[in-house]
Amino acid sequence: MAVRIRFAPSPTGYLHIGGARTALFNWLYARHHGGIFVLRIEDTDLERSSSEMVEGILEGLRWLGLAWDEGPFFQSQRLPLYQQACEQLRARGTAYPCFCSPQELESRKQASRESGSAWQYDRRCRDLSPAAVEEKLRQAQPHVLRFRVPEGRTVKFSDRVFGPIEVASESVEDFVLLRSDGRPTYHLCVVVDDVDMKISDVIRGADHLSNTSKHVLLFEAFDQPLPNFAHLPLILGTDKKRLSKRHGATSTLEYRKQGLLPEAMANYLALLGWSPGTDRELFSVSELVSLFDLDRVNRSNAVFDPAKLEWMNSQYLGSVAAERLAPEVKRLLQEAGLWNESWDAGGRDYFLTAVDLLKTRTRRLSDFVEFGRAFFTDDFNYQQEAVEKYLRPSPQLISALSELRAAYAGLKPFTLENTERVLREIADARAVKTGSLIGAVRLAMTGKSVAPGLFDVIITLGQEKTIQRLDRLLNFLASAPALKS
RNA sequence: GGCCCCAUCGUCUAGUGGCCUAGGACGCCGCCCUCUCACGGCGGAAACACGGGUUCGACUCCCGUUGGGGCUGCCA
């Protein structure tokens with residue numbers, strides 16, 4: 001049987017981490033089995049759905065590289081299909097109109113709660129006489145359509161992750177299929193659509209595990225075979241509560257904004273609830289596709305750990321080619337107003353070298369802008385703590401610096417070896433600790449006490465800029481005698 | 001409350017009755033490398049929720065307890 005799977009988000013919220021993981025698992029499963037990945041937007045609750053949310057969800061999926069083969073289909077545009085399905089059920093007697101108003105229901109629910117018993121729809125309208133129903137209908141009494149849950153049944157299905165599940169039909173209530181305004185509900189739509197779209201495997205969050213018994217009953221009512229079900233354990237926040245807006249940046253797109261690489265995100269998400277069974281943790285997307293399958297999906301919920309995600313991102317940042325990072329860094333620099341057009345042309349090599357130097361020291365893309373500022377502009381300040389640490393202006397330091405400046409100005413091949421040799425010689429000759437001199441020069445070059453290897457920085461910046469920056473530091477020292485010594 | 005599900009280091013996980021004095025990863029701590037930081041390398045602290053069974057033998061199987069999660073909407 002052809003593998004056809006679907007991701008069916010509801011546009012009542014953004015694509016959060018849990019949704020992204022569900023989408024990823026669906027996508028991986030489809031790719032692994034050479035199947036079709038259908039995207040379906042479940043927007044039957046139109047008050048709470050919005051096109052902005054839809055766009056955000058699509059954007060999130062695109063960012064993660066989860067291309068869909070069919071859709072997006074919108075349930076709001078398939079209403080006739082659901083109406084027709086309802087008529088079918090009605091004709092077969094497996095659905096009935098219910099005239100209880102929300103208020104009535106609420107008060108009865110309240111009453112039963114106060115008496116200490118568990119509430120479930122009391123089926124008051126389940127067995128109204130045909131005449132009574134007709135009369136109420138003629139009076140245009142508002143009503144919903146409910147599913148007639150069979151009695152004395154054990155609903156069974158086998159979940160690919162959770163195994164065999166059995167539920168007594170008594171614990172399933174006569175749920176609503178059609179709202180009083182005629183719009184269908186989720187339970188009806190999923191089943192109708194999964195049948196219509198010939199979905200072979202339903203892979204979704206475990207929050208739907210209990211709902212599945214309703215769906216199984218519906219499939220049966222339509223005389224349709226069950227798809228395979230696979231429920232994914234939920235992703236929880238650090239407080240072990242289900243992930244929600246409350247937990248900060250849970251929108252997937254928010255992570256893009258924070259400088260995450262989509263491949264790192266996908267890699268991290270793949271390992272939440274699934275394991276390849278080996279000690280390896282870093283996988284390319286194509287490796288994930290070939291390794292992934294449902295049989296190694298866990299049953300227990302997982303806590304989302306931002307620290308590990310960030311670590312994984314740093315692994316990708318450090319190992320990926322500078323060319324891959326270039327467009328991302330460019331975007332960030334443009335936003336920061338630091339982008340120089342020449343870096344797309346003659347200055348390309350310089351730009352890529354800078355990216356290479358910085359990438360093992362970054363955990364997020366945004367670090368390129370802050371941590372790497374001195375590579376992209378002359379407009380940087382001397383970090384206060386770096387000044388305090390490396391600029392105790394002793395006569396030796398100052399004369400060593402000016403000697404270095406002079407030596408660098410005349411250095412013929414301005415290479416890594418030469419710049420380092422010269423500096424060390426001067427430090428020795430002036431009885432200045434090499435580390436101190438290096439620290440001071442690093443401050444001159446970057447304004448910071450932390451940076452890539454000094455001589456890498458120097459030869460990347462080039463002779464001219466190196467000298468300019470040494471001059472700037474010398475001026476600073478000359479005009480700042482107030483520094484504590 | 002009722003129904004369903006889950007339970008290995010703080011977190012993600014490996015483990016499928018003896019290979020476990022429980023392995024890996026993140027985070028944390030120490031050391032090495034070293035011009036700082038990062039990378040990398042080495043080492044350390046850190047877990048089978050509890051109680052009963054079953055078995056020659058349980059992290060692994062069964063039952064119970066506890067804890068956690070989900071559903072219980074004219075949300076999805």
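Below, chains carry the letters A, B, ... as their sequence lines are ordered, and counting in each starts from 1.
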- Check for a donor-acceptor pair, side chain of Ser101(A) on one end and backbone N or O of Glu104(A) on the other, with a separation under 3.5 Å. yes

- Taking atom types as they are modelled, is there a donor-acceptor pair under 3.5 Å from the base of C37(B) to the side chain of Arg361(A)? yes

- Item | Opposite nucleotide pairing with G73(B), Watson-Crick or G-U, both atom distances under 3.5 Å | none

- Honestly, is Arg472(A) close enough over Phe380(A), meaning NZ or CZ under 6.0 Å from the six-membered ring centre and within 45° of the axis? yes

- side-chain N/O Gln315(A) vs A38(B) OP1/OP2, d < 4.0 Å: no

- Does U13(B) have OP1 or OP2 sitting under 4.0 Å from an N or O in the side chain of Arg280(A)? no

- Note on the structure: Side-chain atoms of Arg299(A) come closest, of G73(B), A7(B), U13(B), to A7(B)

- Note on the structure: Re U55(B): Watson-Crick or G-U wobble partner, both distances kept under 3.5 Å, found to be none

- Message: Please pick, from C39(B), U11(B), U13(B), the nucleotide with the shortest atom-to-atom distance to any side-chain atom of Ser275(A).
- Response: U13(B)

- What is the distance, rounded to the nearest whole Å, between atom CZ of Arg424(A) and atom C1' of C35(B)? 7 Å

- Query: Is any N or O donor-acceptor pair between the side chain of Asp207(A) and the base of A76(B) shorter than 3.5 Å?
  - Reply: no

- Task: Name the pairing partner of C28(B), where a pair is Watson-Crick or G-U wobble with both distances under 3.5 Å, or state none.
- Result: G44(B)

- Classify the side chain of Ser210(A) versus the base of C3(B) as yes if they form a donor-acceptor pair under 3.5 Å and no if they do not. no

- Task: Could you tell me whether the side chain of Asn313(A) and the main chain of Leu261(A) form a donor-acceptor pair under 3.5 Å?
- Result: yes

- Item | Pairing partner of A7(B) (Watson-Crick or G-U wobble, both distances under 3.5 Å) | U66(B)

